[in-house]
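One structure is given here, and the rest of the page talks about it.
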Amino acid sequence: MSKITFDPWIGKNYGKSHFGKLLIIGDSHYFTNGLPSDLRGFTKAKIAELPIISARFYDNIGKVLNPSQPLALWENIAFANAIQEPFGHANQEPTKQQKDDAEMAFRHYLDVTKPEKVIVFSNRLWEHFFNKMGWGTHLDKIDNRWNIRELDYAGGRCQAIGLYHPSAHGFKVEDFRKVVGAFLGRK
């Protein structure tokens, strides 16, 4: 992809922990107080400041994947938001073009991080990426609801699952901890 606005976060223990090479894909960054001067490095800066800020999205992902030490999770995974344009508020709806660009960014992040497993915490992007023919192979479902796909990228392949956004109304950490545990335990 020619235009990646946000570089991914790659934790210092990525691929060296019990998570293996786990890539988390989120939806979007939004800014209510103006844009920072460095959009490329924004994702990395945001993750680096998690010990001093609280954000429901990141907090819930930490609680789902690493409940005893939610902040420690981030050093063990890679993370990126797929939408490549800054949003003005959390409820902003992406255009079809923004979702198409997000798919290209997702493919780029796969090529860069070369994951074994991917969790997409954005149902609207997951549905956009995979409710058409062409990319990946359907492998299985968890709880007869959550589709698992096998995806190819430059030099490898991975398994991916799409789940609700962790800030969504009704997101229950305990429920998704079970789904994620079943997904990560798959061979």
Side-chain angles (χ1 to χ4, degrees), residues 1-10 22-47 55-58 60-61 64 77-115 117-154 156-171 176 179-180 183:
M1 177 173 183
S2 61
K3 186 177 181 241
I4 294 294
T5 303
F6 303 104
D7 286 338
W9 163 269
I10 301 173
L22 174 62
L23 171 62
I24 303 292
I25 296 289
D27 192 274
S28 59
H29 287 301
Y30 63 94
F31 303 88
T32 56
N33 296 318
L35 295 177
S37 59
D38 178 18
L39 287 176
R40 280 197 79 86
F42 181 78
T43 303
K44 294 175 183 179
K46 184 75 171 175
I47 300 300
R56 183 178 170 152
F57 175 84
Y58 301 100
N60 279 348
I61 289 174
V64 165
I77 65 165
F79 171 79
N81 276 323
I83 294 176
Q84 295 300 298
E85 294 183 37
F87 278 7
H89 56 85
N91 296 323
Q92 185 172 337
E93 287 291 324
T95 65
K96 181 183 180 311
Q97 184 62 55
Q98 288 170 325
K99 290 188 281 188
D100 289 345
D101 291 345
E103 182 176 342
M104 300 313 312
F106 180 27
R107 291 174 186 251
H108 170 81
Y109 293 137
L110 292 175
D111 290 343
V112 168
T113 62
K114 303 199 179 315
K117 300 274 178 118
V118 180
I119 302 172
V120 177
F121 278 106
S122 172
N123 198 51
R124 69 181 174 190
L125 290 181
W126 180 264
E127 296 295 324
H128 182 78
F129 298 161
F130 301 112
N131 275 346
K132 56 187 177 271
M133 296 294 291
W135 188 26
T137 304
H138 181 268
L139 294 177
D140 199 1
K141 286 186 177 189
I142 294 176
D143 292 342
N144 204 30
R145 164 64 178 97
W146 308 105
N147 291 304
I148 300 170
R149 297 190 69 84
E150 182 175 69
L151 305 176
D152 293 323
Y153 55 83
R157 66 175 44 135
C158 63
Q159 292 181 14
I161 191 169
L163 304 174
Y164 292 141
H165 194 285
S167 296
H169 179 72
F171 184 91
F176 285 98
V179 173
V180 167
F183 172 65

Q | Worked verdict on Leu110 versus Leu151 for side-chain contact (heavy atoms from CB on, under 4.5 Å) | A | CA-CA 9 Å; Leu110 292 175; Leu151 305 176; 4.2 Å; yes

Q) Which heavy-atom pair separates Pro8 from Lys44 by the least distance, and what is that distance? A) O-CE, 3.2 Å

Q | Straight-line distance of Asn81 CG to Phe87 CZ, nearest 0.5 Å | A | 10.0 Å

Q. Can you tell me how far CG of Leu139 sits from OG1 of Thr137, rounded to the nearest 0.5 angstrom?
A. 6.5 Å

Q) Which pair of non-hydrogen atoms, one from Gly26 and one from Leu125, has the smallest distance, and what is that distance? A) O-CD1, 4.0 Å

Q | Aromatic centroids of Trp146 and Phe176 separated by under 6.0 Å | A | yes

Q. Judged by atom type as modelled, is there a donor-acceptor pair below 3.5 Å linking the side chain of Asp111 to the main-chain atoms of Ala154?
A. yes

Q: Using the ring of Trp126 (Phe, Tyr or Trp, six-membered ring only), decide whether Arg149 places NZ or CZ under 6.0 Å from its centre and within 45 degrees of its axis.
A: no

Q: Hey, could you give me the CZ/CZ distance between Arg56 and Phe171, rounded to the nearest 0.5 Å?
A: 8.5 Å

Q: Would you tell me whether Gln98 and Glu85 have side-chain atoms, one donor and one acceptor, within less than 3.5 Å of each other?
A: yes

Q.
If I take atom CG from residue Asp38 and atom CZ from residue Phe6, how far apart are they, to the nearest 0.5 angstrom?
A. 10.0 Å

**Q.** From CD1 (Ile83) to OG (Ser122), nearest 0.5 Å
**A.** 6.5 Å

Q) Do Lys114 and Tyr153 meet the cation-pi criteria used here (NZ or CZ under 6.0 Å from the six-membered ring centre, within 45° of the axis)? A) no

**Q.** Asp100 and Lys96 ion-paired at < 4.0 Å
**A.** yes

Q: Please answer whether the main-chain N or O of Leu23 pairs with a side-chain N or O of Lys117 as donor and acceptor at a distance below 3.5 Å.
A: no

Q: Could you give me the CA-CA distance, side-chain angles and deciding distance for Leu163 and Val180, then say whether side-chain contact (heavy atoms from CB on, under 4.5 Å) is met?
A: CA-CA 9 Å; Leu163 304 174; Val180 167; 3.7 Å; yes

Q | Salt-bridge criterion met for Lys99 and Glu103 (N-O under 4.0 Å) | A | no

Q. What are the two closest heavy atoms between Arg40 and Ile4, and how far apart are they?
A. NH1-O, 2.6 Å

Q) Does the gap between the ring centers of Phe42 and His29 come in under 6.0 Å? A) yes

Q: Quick one: pull up CD in Gln159 and CD in Glu150 and give me the separation to the nearest 0.5 Å.
A: 6.5 Å

Q) Checking ring-ring contact (aromatic ring centres under 6.0 Å, His included) against Tyr58, which of Phe121, Trp9, Phe79 comes through? A) Phe79

Q: Please report the C-alpha distance between Tyr30 and Gln92 in whole Å, then the side-chain angles of each, then the deciding distance to 0.1 Å, and finally whether the side-chain contact (heavy atoms from CB on, under 4.5 Å) criterion is met.
A: CA-CA 9 Å; Tyr30 63 94; Gln92 185 172 337; over 6 Å; no

(Q) Please tell me whether Phe106 and Phe129 form a close aromatic pair, meaning their ring centres lie under 6.0 Å apart. (A) yes

Q. Is the closest side-chain heavy-atom distance between Asp7 and Thr43 below 4.5 Å?
A. no

Q | Intermediate values then yes/no, side chain to side chain donor-acceptor pair (under 3.5 Å), His165 and Asp27 | A | CA-CA 8 Å; His165 194 285; Asp27 192 274; 5.6 Å; no

Q: Report the C-alpha distance between Lys141 and Ile148 in whole Å, list the side-chain angles of each, state the deciding distance to 0.1 Å, and finish with yes or no for side-chain contact (heavy atoms from CB on, under 4.5 Å).
A: CA-CA 6 Å; Lys141 286 186 177 189; Ile148 300 170; over 6 Å; no

Q.
Contact between Ile161 and Val118 at the side-chain level, heavy atoms closer than 4.5 Å - yes or no?
A. no

